[in-house]
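Protein chains get the first letters and strands the later ones, always in sequence-line order, with residue 1 at the start of each.
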Amino acid sequence: MDVFKTFALDIKAMLDRLSAAGELPAGLDSSKLTVEPPRDTSHGDLSTNAAMILARQVGRPPRELAERLVQELTRLPHVAAATVAGPGFVNLRLTTAFWQSCLADILTAGSRYGDGDAGRGIAVNIEYVSANPTGPLHAAHARGAVVGDALAALLEKAGYTVTREYYVNDAGAQVEVLARSAYLRYREALGEEIGEIPPGLYPGDYLKDVAVALVERDGRQWLEAAEAEWLPAIRDFAIAMIMDWVRADLAALGVGIQVYSSERALVASGAVATALQSLTDRNLIYRGVLEPPKGKKPDDWEPRPQLLFRATEFGDDVDRPLQKSDGSYTYFANDIAYHYDKFRRGSRVLIDVLGADHGGYVKRMQSATKAVTGGEGVLDCMICQLVHLMQDGHPVKMSKRAGTFVTLRDVIDQVGRDVVRFIMLTRRNDQTLEFDFAKVTEQSKDNPVFYVQYAHARCKSVLRHAAQTMPDADLSPAALARVAVERLNAPEELDVIKRMAAFPRTVEAAADAHEPHRIAFFLYDLAAAFHGLWNKGNDNATLRFLIADDPALTSARMVLVSAVATVIACGLAIMGVEPVEELRG
RNA sequence: GGAUCCGUAGCUCAGUUGGAUAGAGCGCUGCCCUCCGAAGGCAGAGGUCGCGCGUUCGAAUCGCGCCGGGUCCA
């Protein structure tokens with residue numbers, strides 16, 4: 001039910017007819033044909049570049065061709081007028097009746113409004129958060145969590161089949177550091193004086209909780225044990241406990257991870273060897289010596305043969321090591337195995353939502369994914385830039401060294417889940433984002449969360465009032481979908497309708513670009529249009545939604561109001577934000 | 001030094017995948033409202049889209065080279 005898509009198909013069919021009739025050459029390439037809303041609405045409702053992209057192929061000037069297309073386009077259903085503009089655009093104006101009919105479509109679709117099939121069921125795996133299991137989630141993790149989660153919902157709405165996944169880095173050096181840090185706290189919990197936490201170990205107080213729980217389970221049994229014995233046990237214990245916290249925090253944020261993948265289990269399963277074999281089969285692995293890093297002094301650099309992946313064949317700058325000098329696999333090798341595993345589980349499109357510190361990792365991982373899947377799998381890496389936490393315009397002080405950081409839970413407790421989720425989507429992911437605790441809870445127009453929620457609450461409030469003043473009227477969406485709406489023809493009303501009609505297109509474009517933030521901006525614009533219509537009622541009482549002596553008009557307006565509430569709720573659902581029914585009290 | 005992202009109004013940022021006269025919020029200026037349809041409304045000023053080449057019917061958008069900032073790597 002996407003207006004723009006429908007007309008694009010109509011126009012292509014029309015071109016085919018002209019070709020069949022011999023007026024246009026056969027085999028025209030119309031792949032670059034677009035039908036979109038013009039920037040300036042005074043130009044019309046729809047705009048197509050058909051004449052401009054075909055002019056050269058047809059061998060006629062764009063404007064002349066456009067004039068010819070206008071004659072045909074005027075005959076299409078719902079077209080009120082077609083005109084040529086600028087270098088050869090054809091602008092279409094649709095009938096008011098057509099726009100009015102969109103309201104019933106919205107109400108009939110309900111929460112499914114905007115659902116699309118562009119994804120054609122393609123399996124997509126979105127990996128996000130994936131914080132190391134060495135401590136509780138902190139505020140910085142919120143962004144990736146929300147972006148990943150919203151993108152997952154967005155892709156599902158656009159017809160993809162989505163797996164939401166978290167990669168637990170429970171193998172390697174940092175979890176051993178975790179084990180040692182926890183062991184120190186364990187001895188402390190048993191009465192030992194441990195003094196200051198040595199550098200290189202994790203200082204956070206949360207490990208005291210881990211230690212207490214460990215004492216409760218195991219008593220003093222590790223005190224005299226050798227490290228080789230206690231380390232694996234304490235490591236696994238600490239990881240399990242921290243991952244419980246992580247799951248609880250994500251639940252508090254409303255993030256619905258479906259699959260938690262363990263790096264340790266992956267490695268133990270032999271997946272690394274499988275992945276490397278796949279690369280070997282394609283002749284993409286060799287033993288060789290890397291050039292020293294360019295530019296900087298190679299102090300401790302010495303040439304030594306390593307197992308290397310031919311990343312340069314896929315656009316990377318250098319070939320990448322798969323094994324360290326001691327023969328163990330690099331993180332990169334494990335990551336290749338992991339991405340190959342996701343592919344083998346059925347996903348053809350892989351998306352990694354990553355933090356700003358992973359920028360340098362993108363090229364090599366994309367190269368490796370392409371290589372190990374034989375070109376059948378593609379990887380998109382979305383780098384989320386930093387979030388600057390502010391309080392009334394001043395940065396919130398945090399010190400990693402002192403172990404003081406703002407946890408994700410702190411943020412949720414302070415401003416609420418919905419505010420966190422909405423604000424995290426008010427910037428493109430590759431743009432840094434300011435998060436001001438004071439501003440995001442402010443009730444004013446420059447707070448997008450409030451502004452959008454207010455619009456939804458207003459709709460609901462009006463519907464409640466209508467139910468009171470017209471107790472006999474059936475205001476359910478199904479009933480409203482049958483109400484006559486010819487009298488909704490004020491320019492402001494039609495503007496709101498046209499914006500809502502563009503929602504399916506917005507969903508599809510946002511899904512295609514992997515840009516969930518577009519939904520937030522769409523909702524802000526729709527809310528602004530709706531508030532504008534509301535404000536018109538202050539100057540012009542005939543534009544108010546509730547007209548006491550005109551139940552027919554009031555009912556028609558309720559169709560519009562109900563549709564606005566529906567579309568806002570659809571958008572918020574993608575963002576994972578609960579629409580509010582009322583703001584006061 | 002290399003990689004990567006960013007650079008758009010005084011500030012914070014959008015910009016419909018290359019379209020027409022580049023938009024919003026805040027701030028500023030001027031009117032209006034301040035009778036719960038409360039948590040503001042209307043209008044106005046404000047721009048060399050970092051700079052320069054190139055690609056084409058057409059560039060904020062794509063390519064290359066600089067300049068500036070963030071992140072990463074050693």
request  = For B:U34, measure the glycosidic angle (O4'-C1'-N9-C4 for a purine, O4'-C1'-N1-C2 for a pyrimidine) and name it syn if it falls within 90° of 0, otherwise anti.
outcome  = anti
Side-chain N or O of [X] closer than 4.0 Å to phosphate OP1/OP2 of [N]:
{"X": "A:H531", "N": "B:C42", "result": "no"}
{"X": "A:K363", "N": "B:A3", "result": "no"}
{"X": "A:Q431", "N": "B:U12", "result": "no"}

Out of [options], which has the shortest distance to the side chain of [X]?
{"X": "A:T432", "options": "B:U17, B:C13, B:U71", "result": "B:C13"}
{"X": "A:F545", "options": "B:A14, B:G37, B:U16", "result": "B:G37"}
{"X": "A:R56", "options": "B:U56, B:U71, B:C13", "result": "B:U56"}

ask   = Using a cut-off of 4.0 Å between protein heavy atoms and nucleotide atoms, how would you tag nucleotides 19-24 of chain B 5' to 3' with B, S and -?
value = BB---S
message = Aromatic contact between A:Y338 and A:Y331, with the criterion being ring centroids under 6.0 Å apart: yes or no?
response = no
task = Take atom P in B:U16 and the same atom in B:C26, then report the distance between them in whole Å.
result = 23 Å
inquiry  = Between the side chains of A:R310 and A:D319, is the shortest nitrogen-to-carboxylate-oxygen separation below 4.0 Å, so that they form an ion pair?
reply    = no
message = So, using salt bridge (Lys or Arg N to Asp or Glu O under 4.0 Å) as the criterion, who are the partners of A:R427 when residues are at least two apart?
response = none
